[in-house]
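Numbers restart at 1 for each chain; the letters A, B, ... are given by sequence-line order, proteins then strands.
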Protein chains: 2
Amino acid sequence: MPPKKKGNGQKPTIRTVSEHAGVSVATVSRVLNAPLSVKEERRNRVLESMKFLNYSPDPVARALCTHRVRVAAIAVPNIVNPCLAEVIRGVIETLEHKGFDVLIFDSNQSIERERMFIEVLHNKIIDGVIIAAISTKELNYSELAAKTSVVVIDHPEAGHEVDLLYADDRGGMQRLVDHLISLGHRKIGFLSGTFNSMGGVRRTESFKLAMQSAGLETSPEDIVECEWNLYGGAKGITAFLSRKTFPTAFISASDLIAIGALGAAYSMGFRIPRDFSITGFDHAPWSEFSIPPLTTLEYPNYRIGKEAAECLLRRVDSPQAPRIVKKLDLPVMIRKSTGPCSLG
Amino acid sequence: MPPKKKGNGQKPTIRTVSEHAGVSVATVSRVLNAPLSVKEERRNRVLESMKFLNYSPDPVARALCTHRVRVAAIAVPNIVNPCLAEVIRGVIETLEHKGFDVLIFDSNQSIERERMFIEVLHNKIIDGVIIAAISTKELNYSELAAKTSVVVIDHPEAGHEVDLLYADDRGGMQRLVDHLISLGHRKIGFLSGTFNSMGGVRRTESFKLAMQSAGLETSPEDIVECEWNLYGGAKGITAFLSRKTFPTAFISASDLIAIGALGAAYSMGFRIPRDFSITGFDHAPWSEFSIPPLTTLEYPNYRIGKEAAECLLRRVDSPQAPRIVKKLDLPVMIRKSTGPCSLG
DNA sequence: TTGAAAGCGCTAACAT
DNA sequence: ATGTTAGCGCTTTCAA
C-alpha cells in the first residue's frame with residue numbers, strides 16, 4: 001500500500017488543513033489551542049479550511065502529546081440501584097459540562113470484580129476515577145492514586161492518598177431512631193444489608209450505636225441480614241414477622257430493602273403503619289410512591305455524584321491541591337410508613 | 001540499571017523495557033502482541049523486565065497506531081430507569097469480557113441532549129456506539145455510521161446504515177390485550193408514555209392496533225399520556241379514576257408507570273385486581289415486588305443489552321458484515337395485578 | 001506572529 | 001526469529 005497521498009478519501013489531518021490553508025501545522029494547532037495567538041486573517045483562513053475539509057482533531061493523537069484524555073471513570077456496585085444511578089447521573093452531568101466523558105464500571109456486587117477494577121484501571125485511558133459505595137474494605141487505592149486522580153465515595157477510611165466524600169450514616173441513623181422513639185417505639189428491628197459489604201457492616205454498627213445512645217437495648221435477633229434489593233427486604237421482614245413477637249418498628253439499611261419489606265408485609269396481611277413502622281435509608285426515587293410512602297433520609301444521591309465530580313475535576317487540574325474530606329448531612333424525611341406505636 | 005539518558009522516576013516505556021532486556025523495541029512489541037513469534041528464552045527475559053520495571057503499555061500510544069481503542073459508548077434516555085440499567089449492564093458485561101470499556105451517555109429524557117450526543121459522538125475516542133430507546137425519531141445516524149460502528153436498540157426505522165435490535169412491541173401488546181380479554185375485560189384503558197417520545201407513540205399505536213384486531217373499540221379518552229416514571233403513572237391513573245366511569249383494565253406503557261398507578265390507586269382506596277386490572281410492559285426488576293405483583297411482559301432487558309453488544313463487537317471486527325436486524329419476542333408474564341373482570 | 005522539527009509511545013513493514 | 005525504522009496525528013520548544 002503506497003503511503004499517504006493527500007486529498008483522497010482519507011480523514012483530514014492537521015497536515016491536510018495546513019496545506020489547504022497554506023500555513024504550517026503549528027499554526028493550525030495554534031488556532032485550535034490558542035486562537036488569539038494567530039493573526040485574525042490567517043486564523044479565518046484556517047477556520048475556513050477546517051470547515052471545508054470537515055476537519056476535527058484526532059483526540060487520540062492529541063492525548064498522546066498532552067497526556068490528558070478528558071475521560072473519567074466511575075465504578076459502582078450496582079447500576080440497577082436507582083440511588084446509585086442518581087449518583088452516576090450527578091457525575092455525568094457535572095463532568096460532561098467540562099467536556100469530560102465517563103467510563104462506567106459495574107461490579108454487580110461482586111467483590112471479586114471490585115478488586116479486578118482497581119487492577120485494570122491502571123491501564124485505562126482515563127484522567128481520574130470515582131469509586132462509589134464499594135463493598136470491600138480491603139481495597140488498596142494508593143497505587144492507583146499514584147497514577148491517577150481518585151475520589152472515593154462512602155468509604156471514610158479509604159486512606160489519605162485519595163479525596164473522600166461520604167454521608168453521615170451515623171447521624172442519619174440517630175435521627176431515624178429518635179424519630180421512631182418520639183412515636184413511642186421502644187423495640188426496633190434492623191433490616192441490614194449484607195455483612196460482606198462495608199455498607200452493611202457500617203450501617204449495622206451505626207444502628208447499634210444510635211440505639212445505645214438513645215438508651216435502648218439491641219439484641220442480635222433484632223438485626224437481620226438482607227440482600228441489597230427488594231427480594232432481600234421481603235425475605236428479611238418475613239423472617240421477623242414469622243416470630244411470635246417482633247419489633248414495632250423497623251429501620252432498613254436501604255430504601256430498596258424497605259420497599260421489598262413493605263410489599264411482603266402487605267401480602268402477609270399486615271397494614272403499615274397501623275401494625276408497625278418501617279423506614280428506608282438512602283432515598284430511592286421510588287420511595288415517594290411506595291405503599292405507603294416511605295419515611296427515609298434525605299440522602300442526596302445526585303449531589304453526592306456532583307460533588308465527587310467537582311472534586312475530581314479539581315484534583316485533575318491541580319494534583320497537589322490539599323486533600324478533600326467531606327461529610328454530608330442526612331436529615332430525616334418523614335412520610336407515611338412510620339406512625340405511633342400501636343402497643344402500650 | 002539502565003544506564004541510558006534518564007532511566008529514573010519516569011514511567012517506563014517500551015524502549016526502557018527493550019534496553020533493560022537487551023532486545024529491540026520490536027521484540028518487546030511482539031511479546032505484547034504475538035508472544036509465540038518470539039523465542040521462549042528472549043520472551044521470558046522480556047517478560048521479566050516488564051515485571052521488574054512494572055511496565056504496562058500506554059493504551060493511547062497503542063491506539064494511535066492501531067486506530068482501535070477498545071472503547072464503546074452507550075447512550076440511553078434515562079439511566080435511573082432500572083430497565084435501561086439492565087440493558088446497560090448487559091452491554092457492559094458483554095463488552096468487558098472482550099476487553100472493551102464503555103462510555104455512558106444519559107440524555108435524561110431530553111431530546112435536545114440526544115441530538116447533541118449524535119453530534120458530539122463524532123469526536124469521541126470510541127470504536128462504536130450503542131444507542132438505546134432514544135426518544136426522537138428524527139435523529140440521523142448515517143453520518144455517524146460512516147465514521148464508526150453503530151447499533152440502535154428499539155428504533156425499527158433507524159435506517160439501513162446501522163444494525164437494529166428491537167422488541168416486538170406490537171406482538172407483546174397483542175398478548176396483553178388478549179390476556180385481558182380472556183379475563184372478561186372489554187373496556188381497556190392505556191396509560192401511555194409521553195407522546196413526544198418514539199416509545200410513547202409506538203406503544204400507543206400498537207395498543208390501538210391490538211384492540212382493533214381483537215374487535216374492540218378504542219376512543220381517545222381511553223388513552224392518557226403519562227411521564228415515563230412512577231409519578232406519571234400515579235397522575236395518569238388518577239385522571240382515569242376521577243371520571244364517573246372508567247375501564248375495568250389498564251395497560252401501561254412501562255412497568256414504572258404501572259407501579260406508580262398501583263400506588264395511587266391503592267391510596268385512593270381501590271384494591272387490585274378486585275376493582276380493576278393493571279399491566280406493565282417492560283419488566284422492571286421491581287415489578288415482582290409491587291403490591292400486588294405486576295402482570296407484565298417478559299421484556300428481556302439484559303439480553304437486549306447483551307445482543308446489542310455482540311452485534312457491535314461483530315461489526316467492529318468486520319465493518320462489511322451483512323447488516324443485522326433482529327426482532328425479539330415478548331411473551332406475557334402473568335402475575336397478580338390482573339384478574340377477572342368485576343362487571344357483568 | 002509564524003514555521004521547522006523534535007518528540008509522545010507504540011505498531012508494522014521491511015530487512016536481515 | 002529479530003532488528004531497523006518509518007510513521008500514527010498532534011503539541012510544543014526553539015528560531016526566525
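Backbone-only engagement by Thr27(B) is indicated by non-hydrogen atom pairs under 4.0 Å involving sugar-phosphate atoms exclusively. Across all strands shown, Val38(A) has heavy atoms under 4.0 Å from sugar-phosphate atoms exclusively, and none from any base. Note on Arg30(A): a base of the nucleic acid sits closer than 4.0 angstrom, heavy atoms only. Among the atoms of the strands shown, none is found under 4.0 Å from any heavy atom of Val28(B).
One atom, CG of Leu53(A), and another, P of dG9(D), lie 14 Å apart when rounded to the nearest Å. In this structure, CE of Met50(A) is placed 15 Å from C1' of dG9(D), rounded to the nearest angstrom. Between the CD atom of Glu19(A) and the P atom of dC10(D) there is a distance of 13 Å, rounded to whole Å. In this structure, Asn33(A) atom CG and dT2(C) atom C1' are separated by 15 Å, rounded to whole Å.
Aromatic rings from Tyr166(B) and His155(B) are positioned such that their centres are separated by 6.0 Å or more.
Annotation: Glu157(B), atom CD; neighbour count of heavy atoms from other residues, nucleotides and ligands within 6.0 Å is above 12. At most 12 heavy atoms of other shown residues, nucleotides or ligands fall within 6.0 angstrom of atom NZ in Lys39(A). More than 12 non-hydrogen atoms from other residues, nucleotides or ligands lie less than 6.0 angstrom from CD of Glu41(B). Counting non-hydrogen atoms of other residues, nucleotides and ligands closer than 6.0 Å to CZ of Arg15(B) gives a total of 12 or fewer.
Closest approach to the Cys65(B) side chain among dT11(D), dC8(D), dA5(C) is made by dC8(D) (side chain taken as heavy atoms from C-beta onward). Checking dT4(D), dC8(C), dT11(C) against every side-chain atom of His67(A), the shortest atom distance belongs to dC8(C). Side-chain proximity of Pro57(B) to dT11(C), dC10(C), dT2(C): nearest is dC10(C). Checking dG9(D), dT5(D), dT11(D) against the side-chain heavy atoms of Asp58(A) singles out dG9(D) as nearest. In this structure, of dA5(C), dC8(D), dC10(D), it is dC8(D) that holds the atom nearest to the side chain of Leu64(B).
A salt bridge is absent between Arg323(B) and Asp163(B); no separation between the charged side-chain nitrogens and carboxylate oxygens falls under 4.0 Å. At a threshold of 4.0 Å, the pair Glu86(A)-Lys306(A) does not count as salt-bridged, since none of the basic side-chain nitrogens sits closer than that to a carboxylate oxygen.
For Arg42(B) and dG3(D), the shortest distance from a side-chain N or O to OP1 or OP2 is below 4.0 Å. Note on Ser24(A): every side-chain N or O is 4.0 Å or more away from OP1 and OP2 of dT2(C). Using a 4.0 Å cut-off, some side-chain N or O of Ser29(A) falls inside it from OP1 or OP2 of dT11(D).
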Any chance you could encode DNA chain C as dot-bracket? Rule is Watson-Crick or G-U wobble with both distances under 3.5 Å; [ ] for pairs crossing earlier ones, | for another strand.
||||||||||||||||

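Mapping Val25(B) and Glu41(B) onto DNA chain D via the closest heavy atom, the residue that lands nearer the 5' end is Glu41(B).
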